[in-house]
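This report concerns only the one structure given below.
Just follow the structure's listing: the first ligand is 1, and inside any ligand the first atom is 1. In this text the structure is predicted, and so the values were computed from the model without any measurement.
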Amino acid sequence: MATQPTSGQHVDTVCPLDCPDACSLSVGVEKGRVISIDGSHTNPVTDGYICAKVRRFGERIYGPDRLLHPMVRKGPKGVGLFERVSWDDALGRVATAIEAAHEEFGGESILPYFYGGSNGLLTQDTSDAMLFARLGASRLARTLCAVPTGLANMTLYGKMPSVCYADYPEARLILLWGCNPNATGLHLVPAIRQAQRNGAVLVVIDPRATPLARLADIHLAVRPGTDLPVALAIHRHLFEGGHADEAFLSAHTVGAARLRARAAEWTLSRAAEEAGVPEHDLRRVADLYATTSPALVRCGWGQERNRNGGNASMAILALPAVGGKFGVRGGGYAMSNSASWGITKTWNEPGDPSRRIVNMTQLGRTLLEATDPPVKVLFSYNCNPVATVPDQRRVQQGLLREDLFTVVFEQVMTDTARYADVLLPATTFLEGYDLVRGYGSLSLQLGRPAIEPVGEARCNADVFGELLQRLDLAKDDDALGELDEMLNILGQLPEDMAAGLRDRGAATPPWGGRPVQFVDVHPLTADGKVHLFDDSLDAEAPAGLYGYQADPGTSAYPLALISPASERTISSTLGELSRPASKALMHPDDAAARGIEDGDEIRLHNPLGDVRCHVTVAAGVRPGTVSLAKGLWSRHTLNGATTNALIPDTLTDLGGGACYNDARVQVEKVPTGVLRSGS
Ligand SMILES: Nc1nc2c(c(=O)[nH]1)N[C@H]1C(S)=C(S)[C@@H](COP(=O)(O)OP(=O)(O)OC[C@H]3O[C@@H](n4cnc5c(=O)[nH]c(N)nc54)[C@H](O)[C@@H]3O)O[C@H]1N2
Ligand SMILES: Nc1nc2c(c(=O)[nH]1)N[C@H]1C(S)=C(S)[C@@H](COP(=O)(O)OP(=O)(O)OC[C@H]3O[C@@H](n4cnc5c(=O)[nH]c(N)nc54)[C@H](O)[C@@H]3O)O[C@H]1N2
Ligand code: SF4
Ligand SMILES: [Mo]
């Protein structure tokens, strides 16, 4: 293993942030401080090029918002006044609160709260999982992201490895569906541009005119939440037009007849009307998909975050099976590649399977309403719920409960950290080891510390390990440190992968990093078949599998609000860095109807809350839809409320995922001179 660096050197590591690319990094260190962050060539996919925000990660490490030592609350909850204490004192208070809640209300009154999208394999699901399992704490359904798409990918294909970036240039048709790689995974962009230069037709399905939508041959600017009818209409076109690959369907799939029956009602004209797109554009897309190979569906996450998101993702990802698009390089689908390494954790204890499960999307509701038992201790780490979870006002109200003990374990003073009773400082990825899997690029890399922990920051494995000991829950054979966990994982990997990680910091990707679906890789479902229909999903979805829930619409809140990822943050991470103010985006027709002009101060509101900010008026978003970025901090708006103040905590049709792109709002111009606070 690498040792701590000395002065004036470069440390090879990897970016673990919640981005598909997993860039390999070269970090310049001088006198124990990070002085530069650049790309390296260890990951051939990212090949030396990284995004602007991670270049600035040093500003997080040494910036004024960094948490440097444990603290306890001094003023009222939520105000952010703290005083410094020792680790011993802080962890003593946490242990005491946990013991008291456990004794009076039972283990389920303790709620661990974490998402961990920006964490590798060593900074989550290690001693934290052990601690909460042994406490009998409530379990957390981690639903903020990727649950509908993950469930669809798992049901259909058992999460078969995806088409990799390097094979996009082989495609002759690319459907980029609910995905904006210019912001969210920038190394995909040159691969798509190369495909276009090679003659590929690019179709983008997105309510916004994203950079690639502007360069596409066809842009279907669908109304948010209408992807299901669009995808089903393409299925219908394939089946009815004799373009379905019947030989493939009978050899490799189950349930095709039932999918066909459910798609039957969605003619191209009906779907086009529902989605608000020109019928001839949708017909062209269906015809192109029926007749082109290699054809690639790149499915993103934008379409999963609404009431129809699970079924939409099922219908989209089922397209290559019905169209017979597998078996050629550049053909098939691309979704998450995170399951491609076959890594399972051996000591992630399941604990008592009857423990209550809390859906993390409904945090506010749970804190305010759960009684059996109520949540008495909330332990938030690897997550910033005040910024990222729906129904922000209720999340904040829940955190203000005087009888709730809140622990926030964080790197910086986030909007959530302000609500802590005890605040614990965490290391960043440049201060510890991790193992990082790309979910776009097929890569598995070793994250190495570039510097010593800053201030008194400690890593997750260490802190949860100490809590296990303080609470008398540790066992003799526990491996509680992050290096132990890494050795454990390395021991599970085939020797060549483990050797790559040890020797070069990166495992050699299987299939040369370029698997061809149905040639090199096959469905990982129990029977090896593609499951186009599934009875349990049919029972779970409110309108059945492939059943559509139309928006009845309200005249009071006629605009759909979507909240795409921005290039400035990863979810809310790095939101503390200085930058120009954030603006909502609104179509000129919607703005004109409300007397709003570019640059005006506006108020977006609905019964859940209201947000004040400035507006950009431009045709970058379809009429009837407004866009305000995800991941904003209270400092980014004029009244401190952010996008999630407008987002309901309703759940997706499949998997119980968050419905971030399913809010409805009204927007009005704020007359100049109006007071901004107390809204
Ligand atoms: N810079 C940056 N990179 C990121 C992130 C980040 O916050 N910042 N987040 C990371 C994470 S956690 C994730 S999950 C991924 C997400 O990666 P993406 O899926 O690419 O990102 P999103 O912006 O969530 O959604 C993509 C697009 O979906 C569109 N969209 C919204 N609603 C709908 C709809 O109903 N139908 C369709 N077809 N499209 C819709 C949006 O306009 C947006 O352009 O990105 C990761 N990478
Ligand atoms: N409005 C709206 N909101 C959204 C979305 C949307 O589309 N619209 N998208 C959602 C999506 S896709 C996702 S994935 C979620 C993500 O939501 P979150 O899981 O809340 O992700 P982040 O905002 O990145 O916050 C992660 C926090 O963990 C901290 N952290 C990182 N590493 C460590 C560590 O090792 N130890 C500890 N203790 N802390 C650490 C970071 O400092 C950071 O503050 O956001 C969702 N929020
Ligand atoms: S956030 Fe994505 S693009 Fe930026 S350095 Fe990390 S992996 Fe690379
Ligand atoms: Mo995400």
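- Look at G225 and you'll find a heavy atom under 4.0 Å from some atom of ligand 1.
- Less than 4.0 angstrom separates some heavy atom of N180 from each of these atoms of ligand 1: 20 (O), 26 (C), 44 (O).
- Y439 counts as a contact of ligand 1, since one of its heavy atoms falls under 4.0 Å from the ligand.
- Taking a 4.0 Å cut-off on heavy atoms, S571 registers as neighbouring ligand 1.
- No donor-acceptor contact under 3.5 angstrom links the side chains of T416 and S380, judged on distance only.
- Each of the following atoms of ligand 1 lies closer than 4.0 Å to a heavy atom of I562: 32 (N), 42 (O).
- Interface of D227 with ligand 1, defined as ligand atoms under 4.0 Å from a residue heavy atom, comprises 34 (C), 35 (O), 36 (N), 37 (C), 38 (N).
- Short contacts between ligand 1 and C145, defined as distances under 4.0 Å to a heavy atom of the residue, involve ligand atoms 14 (S).
- Listed by number with element, the atoms of ligand 1 under 4.0 angstrom from any heavy atom of T210 are 44 (O).
- Between E274 and R223 there is a salt bridge, with a side-chain nitrogen of the basic residue lying less than 4.0 Å from a carboxylate oxygen of the acidic one.
- Where the criterion is an N or O separation shorter than 3.5 Å, residue side chain and backbone included, P564 fails it with respect to ligand 1.
- With a 4.0 Å heavy-atom cut-off, ligand 1 is reached by the backbone of Q303 and by its side chain too.
- Between A183 and ligand 1, at least one pair of N/O atoms sits closer than 3.5 Å.
- Note: F429 and F57 meet the aromatic proximity criterion, with ring centroids under 6.0 Å apart.
- At least one N/O/S atom of C19, from backbone or side chain, sits under 2.8 Å from atom 2 (Fe) of ligand 3.
- With ligand atoms numbered from 1 in the order given, ligand 1 contributes 1 (N) to contacts under 4.0 Å with heavy atoms of E567.
- Ranking protein heavy atoms by distance to atom 4 (Fe) of ligand 3, first place goes to C51 SG, 2.3 Å.
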- Item | Derivation of the side chain to side chain donor-acceptor pair (under 3.5 Å) call for N384 and S572 | CA-CA 7 Å; N384 180 13; S572 73; 2.9 Å; yes
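- Heavy-atom contacts of W177 reach the following atoms of ligand 1: 38 (N) (cutoff under 4.0 Å).
- For P20, no heavy-atom contact with ligand 3 is shorter than 4.0 Å.
- Residue contacts with ligand 1 include C179, since one of its heavy atoms falls under 4.0 Å from the ligand.
- Counting heavy atoms under 4.0 Å from ligand 1, residue N661 touches it through the side chain alone.
- Not one N or O of P224 is nearer than 3.5 Å to an N or O of ligand 1, by distance alone.
- When hydrogens are left out, the protein atom nearest atom 8 (Fe) of ligand 3 is C23 SG, 2.3 Å; that is the closest non-hydrogen contact.
- Residue contact annotation: R568 has no non-hydrogen atom under 4.0 Å from ligand 1.
- Residues D434 and T123 bring a donor and an acceptor atom of their side chains to less than 3.5 Å of each other.
- By the 3.5 Å distance cut-off applied to N or O atoms, G178 is counted among the residues near ligand 1.
- Geometrically, ligand 1 and T226 share no nitrogen or oxygen pair separated by less than 3.5 Å.
- N153 and Y333 share a side-chain donor-acceptor pair at under 3.5 Å.
- Of all atoms in ligand 1, numbered sequentially from 1 with element shown, those under 4.0 Å from a heavy atom of K53 are 1 (N).
- A cation-pi arrangement is found for R33 relative to Y62, the charged atom lying closer than 6.0 Å to the ring centre and inside a 45° cone about the ring normal.
- Two rings, from W177 and Y289, have their centers 6.0 Å or more apart.
- Look at R305 and you'll find a heavy atom under 4.0 Å from some atom of ligand 1.
- Residue A146 places every heavy atom at 4.0 Å or more from ligand 1.
- Nearest to atom 30 (N) of ligand 1 by heavy atom, out of S627, P207, P181, G620, is P207.
- In this comparison of V230, T184, T569, the heavy atom closest to atom 6 (C) of ligand 1 sits on T569.
- Not a single N/O/S atom of C15, whether from backbone or side chain, sits less than 2.8 Å from atom 4 (Fe) of ligand 3.
- When only interatomic distances are considered, the shortest N/O to N/O separation between R223 and ligand 1 does not fall below 3.5 Å.
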